[in-house]
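Bear in mind that the values here come from a model prediction, so they are computed numbers and not experimental data. The chains referred to below are lettered A, B, ... by the order of the sequence lines, with proteins before strands, and numbering in each begins at 1.
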Amino acid sequence: MNDLVLALFRLGFLVLLWLLVLSVVGAMRRDLVIGTRARTGEPSARAKKKNPQLAEPEPTARKAATALLVLEGPLSGREIKLAGTPILFGRAQDATVVLDDDYASGRHARLFPQGSRWFIEDLGSTNGTFVGENQLARPQQVEIGQRIRIGKTVLELKA
Amino acid sequence: MSELQTAPVPRRNFELLLLVLALGVGFAAFYLVGSATDEVDHTDFIVEMSILSGLALLLHVLLRIFAKYSDPVILPITVALNSLGLAMIHRIDLSRSTEQSFRQLIWTGIAMLIAAVVLWALRDHRNLRRFTYIALLVSILLLLLPMIPKLGVTINGARIWVRVAGFSLQPGELAKITLSIFFAGYLSSNRDLILMAGRKFGPMQFPRMRDMAPMVIAWLVSIGVLVVQRDLGSSILFFGLFIVMIYVATARISWVVIGLLMVVVGGLFAATTMSHVTRRLNTWINAFDPEVYHAQGGSMQIVEGLFGMADGGLVGTGLGNGSPYRVPLANSDMIIASFGEELGLIGLAAILMLFLLLVTRGMRAALGSRDTFGKLLATGLSFTLALQCLVIVGGVTRLIPLTGLATPFMAAGGSSLLANWIIVALLLLISHNSRRPMSGSVGPTDEVATPGAASTKAVKTK
């Protein structure tokens with residue numbers, strides 16, 4: 001084969017390799033967002049008008065939760081003071097809140113603070129953890145007054 | 001501004017497109033290798049590439065059925081790396097008249113089929129969580145297998161192979177997967193205990209011994225066995241995996257500090273007391289000393305590899321046109337040097353970019369994953385890939401001492417191919433799980449729950 005053609009082929013191969021790399025990078029570009037809504041910078045007034053969901057919700061005076069109220073279940077009526085530390089729910093003796101409940105798992109769920117907000121995370125329990133009527137699939141923020149259900153126990157954050 | 005809302009899309013067609021491009025790279029590589037030799041016989045490579053393409057398409061179809069939302073770039077990148085490796089092994093076969101590439105092709109086939117089986121049988125990575133402790137047991141068994149007298153074989157001074165029915169296997173390669181599963185499973189359920197219970201010494205908090213015991217046992221056994229078997233590369237790999245998993249699970253920088261201190265202490269200990277480690281360090285620092293160069297097991301391999309890469313320069317000598325066969329182990333440990341020589345800096349950079357992209361896709365799957373186990377598993381697996389590349393590429397380029405770890409998907413060696421293809425299958429499953437649309441309406445809920453509506457779904461635990 002002609003040497004020149006072969007040399008061109010070799011350079012062409014390098015181009016092909018980089019073409020693969022660059023198309024992969026191109027494919028990733030739109031995928032760099034995490035979650036369902038990604039914001040790049042502050043949306044303009046026009047963009048806000050077009051997509052109303054882009055507008056920041058008005059900052060409401062948020063009250064920090066101070067206690068956790070047990071509404072139903074074996075510990076019904078109890079109030080647990082919230083410090084800045086995570087709380088572990090479950091039947092295991094080393095849990096922060098020990099639930100004497102066949103429907104709860106050993107280490108069932110975890111309530112943890114982030115700034116002034118509280119999040120609940122299911123720790124792979126058998127029967128799941130529910131906020132309102134929805135079963136948790138990932139850590140989720142809990143608002144004051146929202147009902148959390150773990151087995152037979154129903155909890156609520158109190159301001 | 002129009003793409004702000006990203007709804008989950010399968011993107012399998014895009015994967016097909018990239019797959020065709022990746023296979024094109026493979027075909028082109030084989031074509032160049034073939035055309036550099038005098039008698040142009042293309043039947044070999046057409047057969048090899050056809051088998052590879054067939055298996056790649058099979059995996060693609062399986063993904064369409066079982067993991068529709070999995071990451072579209074993982075499979076094409078892997079196929080591209082695998083076919084480049086095959087082409088290079090084939091090329092070194094031609095100048096050394098060996099038959100390595102056929103074996104490698106068989107192993108590629110086996111590895112891809114097992115990856116397909118993993119995709120088909122597992123469906124959801126969360127099923128693995130049930131095997132947390134079984135995974136620990138299996139890892140210990142795998143690591144101990146080569147020590148059994150008649151089964152184990154010693155090759156190049158390391159007793160890490162097992163010979164079964166004519167095939168030599170390296171069970172330690174599979175142990176990195178089972179250990180990742182164990183670490184992920186254990187840490188995802190005991191993270192809180194490790195984090196919260198424990199005593200404080202100054203600014204650092206140490207967990208209670210009984211919370212950490214299974215982890216420490218896993219770590220001691222893997223490191224102990226590897227030191228006895230004289231496999232330095234794998235000990236680095238397992239130790240790195242251990243530190244990273246604990247760091248990711250607990251987000252405490254103190255673990256990294258403790259881990260690095262242990263590396264320094266262990267490294268100094270190994271460097272002064274273990275003869276094979278001392279020799280490795282010497283061949284690394286004094287590589288160009290003639291005495292070290294000519295010594296038995298000296299630096300000849302590294303230095304020849306460096307000369308080869310220097311000869312390659314920016315654009316390389318072209319596939320099939322250089323002389324990478326002069327380097328010992330040019331098709332396994334030193335395959336990166338072979339690529340550096342024949343594809344030059346530009347080609348080698350592209351290969352490293354492909355590895356980097358693969359690892360970032362694994363990390364992306366971890367970020368998007370909805371369960372802690374999946375997060376930790378994806379992190380552990382993709383970190384394993386990254387650390388393997390660092391150790392071997394760093395070793396070949398004399399950044400760090402050379403230790404024998406296989407370049408993922410490229411180096412000749414069946415067990416490494418098998419293990420890495422299983423890792424890819426697991427990453428695909430995890431990414432499917434993190435990208436698929438959520439069932440039910442779970443999300444940032446703004447509405448306040450209606451009281452007393454949900455108390456019917458409970459299932460009795462026992």
Close side-chain approach of [X] to [Y], heavy-atom, < 4.5 Å:
{"X": "A/F9", "Y": "B/Y31", "answer": "yes"}
{"X": "A/L16", "Y": "B/L21", "answer": "yes"}
{"X": "A/L6", "Y": "B/S35", "answer": "yes"}

At a heavy-atom separation under 4.5 Å, does [X] approach chain B through its side chain, its backbone, both, or neither?
{"X": "A/E121", "answer": "side chain"}
{"X": "A/L71", "answer": "neither"}
{"X": "A/L123", "answer": "both"}

For the student: nearest non-hydrogen atoms of [X] and [Y], plus distance:
{"X": "B/F14", "Y": "A/S23", "result": "CZ-O, 4.1 Å"}
{"X": "B/L357", "Y": "A/M28", "result": "CD2-SD, 3.5 Å"}
{"X": "A/R10", "Y": "B/N321", "result": "NH1-ND2, 3.3 Å"}
{"X": "A/V21", "Y": "B/A350", "result": "CG2-O, 3.7 Å"}

Portion of [X] that has a non-hydrogen atom of chain A nearer than 4.5 angstrom:
{"X": "B/S189", "value": "backbone"}
{"X": "B/V25", "value": "both"}
{"X": "B/L32", "value": "side chain"}
{"X": "B/R191", "value": "side chain"}
{"X": "B/S369", "value": "neither"}

- Message: At a heavy-atom distance under 4.5 Å, which candidate from A/D94, A/L20, A/L22 has the highest pair count against chain B?
- Response: A/L20
- Report the distance from atom CG of B/D371 to atom CG of A/D122, rounding to the nearest 0.5 Å. 10.5 Å
- Message: Can you confirm whether more than 12 heavy atoms, excluding those of B/D124, are under 6.0 Å from its CG atom?
- Response: yes
- Item | Option in B/V315, B/N190, B/L17 with maximal non-hydrogen atom pairs under 4.5 Å from chain A | B/V315
- Message: Please check this pair: side chain of A/W18 against backbone of B/G347, looking for a donor-acceptor N/O pair closer than 3.5 Å.
- Response: no
